[in-house]
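Worksheet: the structure to be examined is printed underneath.
Each ligand, and each atom within it, is numbered from 1 in the order the structure gives. Along the sequence shown, residues carry numbers from 1.
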Amino acid sequence: MTDHSLDDMPQPIGTLALQTIAMPQNANWNGDIFGGWLVSQMDLAGSVTARATAKGRVATVAIDSMAFLRPVPVGAVVSCYTQLQDIGRSSMQILVEVWIREDLGGLAKVTEGHFTFVAIDENGRTRAVRG
Ligand SMILES: CC(C)(COP(=O)(O)OP(=O)(O)OC[C@H]1O[C@@H](n2cnc3c(N)ncnc32)[C@H](O)[C@@H]1OP(=O)(O)O)[C@@H](O)C(=O)NCCC(=O)NCCS
């Protein structure tokens, strides 16, 4: 009987906020995907969750402890998962994880980062997230 411990089958934390495919134009000279493109997808995914939480405009104010765990090949399905971890007056801390699935491979986490978004009004000034 197979032992399916959690370590054997790691799972994404949070909920799926954005899914796309890594395209050739996003690759670097090694043929793998640019880290900057991945960060951009993570920022978009985090902003989906932040906008829903703040019910309006948000801005990215900080990105902390970004870790790139393994390269992303062209053609991989890229899935960004987000988890709201804390809410301040105007700020929201959101964990963003990126997982890929290759046609011949399993699910693997490639990147994670902690993003801080701030709720802003139409003039770009901070506003309270709750009411
Ligand atoms: C977001 C912005 C309006 C905040 O203005 P600000 O004068 O720094 O506002 P505050 O100092 O009152 O901080 C607002 C909140 O952000 C938090 N914050 C500010 N800088 C932070 C940082 N580097 N890391 C984590 N949190 C931070 C504060 O703790 C505060 O949280 P709270 O309201 O929950 O207590 C302003 O910094 C801005 O416009 N930045 C550019 C945003 C942008 O264009 N992002 C896109 C990428 S370029």
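- Remark: atom 41 (C) of ligand 1 lies closer than 4.0 Å to no protein heavy atom.
- For Ser90, heavy-atom contacts with ligand 1 shorter than 4.0 Å involve the backbone as well as the side chain.
- Remark: minimum distance from atom 26 (N) of ligand 1 to any protein heavy atom is reached at Thr116 CG2, 3.7 Å.
- Counting protein heavy atoms under 4.0 angstrom from atom 29 (O) of ligand 1 gives zero.
- Of the protein's heavy atoms, Gly124 O, 4.8 Å lies nearest to atom 39 (O) of ligand 1.
- Of all atoms in ligand 1, listed by their number and element, those nearer than 4.0 Å to a heavy atom of Gly88 are 34 (O).
- Among the atoms of Thr60, some N or O lies under 3.5 angstrom from an N or O of ligand 1.
- At a heavy-atom cutoff of 4.0 Å, ligand 1 is contacted by both the backbone and the side chain of Ser91.
- Using a distance-only test at 3.5 Å, with no hydrogens or angles considered, a donor-acceptor pair links the side chain of Arg127 to the main chain of Arg57.
- The shortest contact between atom 16 (O) of ligand 1 and any protein heavy atom is with Val118 CG2, 3.3 Å.
- Residues Ser90 and Thr126 have side chains that never bring a donor and an acceptor to within less than 3.5 angstrom of each other.
- The main-chain N or O of Gly46 is never found under 3.5 Å from a side-chain atom of Asp43 such that the two would form a donor-acceptor pair.
- Looking at Val61, Asn123, Asp64, Thr126, it is Val61 that brings a heavy atom closest to atom 27 (C) of ligand 1.
- The protein heavy-atom contact nearest to atom 22 (C) of ligand 1 is Ala62 CB, 3.8 Å.
- Of the protein's heavy atoms, none falls inside 4.0 Å of atom 48 (S) of ligand 1.
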